[in-house]
Amino acid sequence: MKIDLLLTNIKELVCVSIEGKPLKGKAMSSPDVYQGQAVAVHQDKIIAIGETDSLYKSYEADIILDCSDRVVTPGFVDPHTHPIFLKTRENEFEQRLQGKTYVEISQSGGGIRSTIHTTRNASVLDLYKLAAQRLERMLRQGTTSLEAKSGYGLTTESELKQLEIIRQLSDRLPIDIVATFMGAHEYPQEFKDNHQAYIDILCKEMLPAVKQQGIAEYCDIFTEAHVYNIDESRQVLTNAKRLGFRLKMHADEIEAMGGAELASELGCVSADHLGMTSDVGIQALQKAAVIPVLLPATLFSLGSKTYARARDMINAGLPVALATDFNPGSCNCDSLPLVMTIACLQMKMLPAEALTACTINAAAAINLEHKVGSVTVGKQADLLIWDIPSYKYIPYHMGSSYPETVIKSGRIVTFPLNSTDGQ
Ligand code: NIG
Ligand code: FE
């Protein structure tokens, strides 16, 4: 049979899960790894994995890549990003170094509200170009699928505009993108003393409008003492659920306030951050099968001394996932390899666990585990070829981790993408 692409004699093929399923708890530390195998790709799919000799006999490939000195992994999946914004906030980074906290900065005119101020009325073209450049940098570092949130507009019109930009990015870039509506990212300045009025707009106007346009699969909320409390979060998420959105939460990032418990009560697909989550919260996530998405680069960027309890979550049998949380405020990090490094060093995750958390478990956190996140026959051919000794090198090396070749949906990606023109 004639096929498009054959990767042969792969020194180390990290399928992660050959069956294509998330790995929970202990299983996270023993992903499926093979030596000397070959992978056959036709059109956008992986069609066979096996001994190199036998695949050579069965297939005649247009392109053959000899991987005898290469590592092959699945493309990375980043299940939590905020890439649609106009201006960066490096001044706040400096303020934090001088002793101000993230919450203090938000309460004194900075933070999410300052990004809303600049982003709300920005043009679609400007926002599209900037986001396309950011996503291209992620793709260069191996991210072939990601989740992207709105949340820097907080009016119906501006939130729809951000989701429309996410849709355009998804149409034009070689990255699978899952869209999340995050109108509950903050209270807009004009509603800072009347939370209920904004919640009413969220529930009665914004969520139905987003649903009607079919441009977001998930609804997310920033549940934290200085933004949405538990009761406010329950109201918004219950309405979103009723309209058919899948749910996510920013939970227990700065304070343990029952975010994990609420995510479990409402059946969220994932609960994200979880920096301060208690034993009770961890048990609730386990019971309700909510995926913990940990964002250690955020806590690193905030200068935190403590991190989420990844080891306790793994010991409780949870399928821990990792994400960048790429955003202009708390975490301007677009590199999943760097997130893996921080996860290993600060949360004592093993390299195998970190890789599992950035691939199949991350895919499950955005309901894409049937399609991406592992090297599995029948899945989309999203593959990374690395010129490194072994996959353990990925978190070990710091600062410039680039796969040698990125394959997205069966095609070798060439950079620059030429997709930042927008319209
Ligand atoms: O995940 N927590 C809410 N959103 C981001 C911060 C966004 C910002 O500061 O602009 C986060 O940390
Ligand atoms: Fe976030």
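Note that ligands are numbered from 1 as they come in the structure, with each ligand's atoms numbered from 1 the same way. For the single chain, residues carry numbers from 1 onward in sequence order. Heavy-atom basis, side chains included; hydrogens, waters and symmetry copies ignored.
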(request) Output all residues satisfying side chain to side chain contact (heavy atoms under 4.5 Å, CB included) with Arg309, sequence neighbours left out; order by chain, then residue number. (result) Asp279, Ile282, Asp312

(request) Under 4.0 Å from a heavy atom of Arg89: give me the atoms of ligand 1 that qualify, with their elements. (result) 8 (C), 9 (O), 10 (O)

(message) Please confirm whether Ile112 approaches ligand 1 to less than 4.0 Å, judged on its heavy atoms.
(response) yes

(message) If we set the cut-off at 4.0 Å for heavy atoms, which region of Glu224 has an atom near ligand 1: side chain, backbone, both, or neither?
(response) neither

Under 3.5 Å, sequence neighbours excluded: what are the donor-acceptor pairs made by side chains of residues 385-394?
from	atom 1	to	atom 2	distance (Å)
Trp386	NE1	Thr73	OG1	3.0
Asp387	OD1	Arg70	NH1	3.2
Ser390	OG	Lys392	N	3.0

(message) Under a 4.0 Å threshold between the charged nitrogen and the carboxylate oxygen, would Glu353 count as salt-bridged to Arg311?
(response) yes

(message) Taking 4.0 Å as the limit for heavy-atom contacts, which would you say applies to Tyr102 with ligand 1: side chain only, backbone only, both, or neither?
(response) side chain

(request) Would you please indicate if the ring centroids of Phe326 and His82 are separated by under 6.0 Å? (result) no

(message) Looking at ligand 1, is there an atom of it that comes within less than 4.0 Å of some heavy atom belonging to Met182?
(response) no

(request) Output yes when a side-chain donor or acceptor of His42 lies under 3.5 Å from a complementary backbone atom of Asp4, and no otherwise. (result) yes

(message) Looking at every heavy atom in both Glu369 and Pro22, which two are closest together, and how far apart are they?
(response) CG-CD, 4.3 Å

(message) Using a 3.5 Å cut-off on N or O atoms only, is Thr115 in polar contact with ligand 1?
(response) no

(message) Hydrogens and angles aside, do Thr277 and Asp252 bring a side-chain donor and acceptor to less than 3.5 Å of each other?
(response) yes

(request) Can you sort out which atoms of ligand 1 are near Tyr152, meaning under 4.0 Å from one of its heavy atoms? (result) 7 (C), 8 (C), 10 (O)

(message) Give me each pair satisfying side-chain hydrogen bond (donor to acceptor under 3.5 Å, both in side chains) with a member in residues 216-233, each pair once, sequence neighbours excluded.
(response) Lys149-Asp220, Tyr187-Glu232, His195-Glu232, Glu217-Arg246, Tyr218-Asn367, Asp220-His250, Thr223-Ser233, Asp231-Arg234

(request) Using heavy-atom distances, let me know which of Thr223, Asn327, Val227 sits nearest atom 5 (C) of ligand 1. (result) Asn327

(request) Check for a donor-acceptor pair, side chain of Thr119 on one end and backbone N or O of Phe85 on the other, with a separation under 3.5 Å. (result) no

(message) Is it the case that the side chain of Asp78 and the backbone of Thr324 share a donor-acceptor pair, with hydrogens and angles ignored and the cut-off at 3.5 Å?
(response) yes

(message) Once rounded to the nearest 0.5 Å, what's the spacing between atom CG of Asp171 and atom CD1 of Ile166?
(response) 12.5 Å

(request) Examine Thr298 against ligand 1 and note whether any of their N/O atoms are separated by less than 3.5 Å. (result) no

(request) Any atoms of ligand 1 less than 4.0 Å from a non-hydrogen atom of Ser330? List them with their elements. (result) 5 (C), 6 (C), 9 (O), 11 (C), 12 (O)

(request) Check each atom of ligand 1 against the heavy atoms of Asp325 and keep those under 4.0 Å away; list them by number with element. (result) 1 (O), 11 (C), 12 (O)

(request) Just jot down the ligand 1 atoms closer than 4.0 angstrom to any heavy atom of Glu253, in number order. (result) 2 (N), 12 (O)

(message) Using a 4.0 Å cut-off to any heavy atom of His273, which atoms of ligand 1 qualify?
(response) 1 (O), 2 (N), 11 (C), 12 (O)

(message) Minimum heavy-atom separation for Ile366 and Glu147, please, with both atom names.
(response) CG2-CB, 3.7 Å

(request) Identify, by atom number and element, the atoms of ligand 1 in contact range of His185, meaning under 4.0 Å from any of its heavy atoms. (result) 3 (C), 4 (N), 5 (C), 7 (C)

(request) Mind listing the protein N/O/S atoms less than 2.8 Å away from the Fe ion (ligand 2)? Waters don't count. (result) His80 NE2, His82 NE2, His250 NE2, Asp325 OD1

(request) Enumerate the atoms of ligand 1 whose separation from the nearest heavy atom of His80 is less than 4.0 angstrom. (result) 1 (O)

(message) Between Lys379 and Ser374, do the side chains contain a donor N or O and an acceptor N or O under 3.5 Å apart?
(response) yes

